[in-house]
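These notes concern the structure reproduced below.
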Protein chains: 2
Amino acid sequence: MSDIPKIFSALSDPTRFAIVERLMNEGELPAGALQAGFDISAPAISRHLSVLNGAGVVNRRVNRQQRLYSVRPEIMQDICSWTMTHREFWESSLMRLEAALVEEMNKK
Amino acid sequence: MSDIPKIFSALSDPTRFAIVERLMNEGELPAGALQAGFDISAPAISRHLSVLNGAGVVNRRVNRQQRLYSVRPEIMQDICSWTMTHREFWESSLMRLEAALVEEMNKK
DNA sequence: CCACAATTTAACATTTACATTAAATAAAGT
DNA sequence: ACTTTATTTAATGTAAATGTTAAATTGTGG
């Protein structure tokens, strides 16, 4: 299994989170296209991309003088799977909360 | 919707991640019980719990001189929901990857 | 009220994260 | 070869995170 805290660390920065969302919505993009839209320097974006790559969140591909980045879908599946391993906990907890709310309503 | 990067930030620390997993498996626990098992000082654990609480990941409840902590199930649901909003992206991507693998197999 | 137990806050040191500007690298086009 | 384009690496400063020990807080019980 993959290192979930490391993935979360990569996604904990708002800029990196936005980059990943953009890549999922728009597909593979070069570093330059990602810089546009973030009020931040090119080296800063490059570092963020390097962090994402280091955590296995994105892939890097070279095409001419561009570096194209894309989200590794396995990472999203890993996060989803992690929530699922605790699904019994949170689904039953939420049901108890809902039941407690209904109780409250009936009392008043 | 909730602040996913903030939740990820809270869960990016290995100690905090382990605390949250323990709380989900064992249920509500006092700070002291959480300290045991982590080779770290009580104030450090207290700070980690405060960070988790600040991000809305855990709830704090007072009972006698103990502070009891538990995971807020909504947070797990929020993370799960976030992956689901991008499900089309990652499921189709994974299918393409699998198809490409099958192609490779057939060639050889 | 005093002592104990559980936990947090304060003060401090150290490491890590993130931004910037300037310089380096890589690939193409002229 | 020289210039332009795209991106990264280096050097540096500053802010934030994390750990420690010591002191303060909060609640129980003699």
Side-chain angles (χ1 to χ4, degrees), chain A residues 2-23 26-72 75, chain B residues 2-23 26-72 75:
Chain A
S2 55
D3 190 347
I4 303 286
K6 192 166 188 180
I7 294 171
F8 284 169
S9 177
L11 294 171
S12 69
D13 180 272
T15 302
R16 287 196 293 268
F17 186 80
I19 287 173
V20 168
E21 291 227 294
R22 256 189 85 188
L23 289 175
E26 303 176 30
E28 192 181 46
L29 286 174
L34 286 167
Q35 193 202 338
F38 295 108
D39 190 20
I40 203 178
S41 67
I45 290 287
S46 178
R47 256 224 134 117
H48 282 308
L49 289 168
S50 161
V51 170
L52 288 169
N53 191 55
V57 175
V58 302
N59 265 324
R60 190 214 310 252
R61 189 168 71 83
V62 178
N63 177 268
R64 315 187 70 142
Q65 61 267 72
Q66 295 183 322
R67 309 298 134 94
L68 295 158
Y69 289 90
S70 56
V71 174
R72 281 190 53 220
I75 260 56
Chain B
S2 54
D3 190 348
I4 303 286
K6 192 166 187 180
I7 295 170
F8 284 169
S9 177
L11 294 171
S12 69
D13 179 272
T15 302
R16 287 196 294 267
F17 186 80
I19 287 173
V20 168
E21 291 227 295
R22 257 190 84 189
L23 288 175
E26 303 176 30
E28 192 180 47
L29 286 174
L34 286 166
Q35 193 202 339
F38 295 108
D39 189 19
I40 203 178
S41 67
I45 290 287
S46 179
R47 269 265 271 300
H48 281 309
L49 289 169
S50 160
V51 170
L52 288 168
N53 191 54
V57 175
V58 302
N59 265 325
R60 191 214 309 250
R61 190 168 71 82
V62 178
N63 177 270
R64 316 186 68 143
Q65 58 265 77
Q66 295 183 323
R67 310 297 134 95
L68 295 157
Y69 290 90
S70 55
V71 173
R72 281 191 51 218
I75 260 58

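Quick note on labels: first sequence line is chain A, next is B, and so on, each numbered from 1. Heavy-atom basis, side chains included; hydrogens, waters and symmetry copies ignored. The model shown is predicted, which means the values in this text are computed figures rather than measured ones.
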What nucleotide, of [options], holds the atom closest to the side chain of [X]?
X        : options                  : value
Thr15(A) : dT9(C), dT18(D), dA19(C) : dA19(C)
Ala31(B) : dT28(D), dT7(D), dT8(C)  : dT8(C)
Ile40(A) : dT8(C), dT20(C), dA6(C)  : dT20(C)
Pro43(A) : dA10(D), dT18(D), dT7(C) : dA10(D)

**Prompt:** Hey, does Tyr69(B) reach any base, or is it just sugar-phosphate, or nothing, if we go heavy atoms under 4.0 Å?
**Reply:** sugar-phosphate
**Request:** Classify the nucleic acid contact of Leu49(A) as base, sugar-phosphate or nothing, counting any heavy atom under 4.0 Å across all strands shown.
**Result:** nothing
**Prompt:** When you check the phosphate oxygens OP1 and OP2 of dT20(D), does a side-chain N or O of Ser41(B) lie under 4.0 Å from one of them?
**Reply:** yes
How long is the line joining [atom1] of [X] and [atom2] of [N], in whole Å?
X        : N       : atom1 : atom2 : result
Lys6(B)  : dA17(D) : NZ    : P     : 10 Å
Gln66(B) : dT8(C)  : CD    : P     : 11 Å
His48(B) : dT18(D) : NE2   : P     : 6 Å
Leu68(A) : dT7(D)  : CG    : C1'   : 12 Å
Arg47(A) : dT20(C) : CZ    : P     : 12 Å
Gln65(B) : dC4(C)  : CD    : C1'   : 9 Å

**Message:** Return the CG to CG distance between Leu52(B) and Leu11(B), rounded to the nearest 0.5 Å.
**Reply:** 6.5 Å
**Prompt:** CZ of Arg16(B) to CD of Glu21(B): how many Å apart, nearest 0.5 Å?
**Reply:** 14.5 Å
**Message:** Would you call the rings of Phe17(B) and Phe8(A) parallel, tilted or perpendicular, taking 30° and 60° as the class edges?
**Reply:** perpendicular
**Asked** Looking at Ser41(B) and Gln35(B), what are the two nearest heavy atoms and their distance?
**Response** C-NE2, 3.9 Å
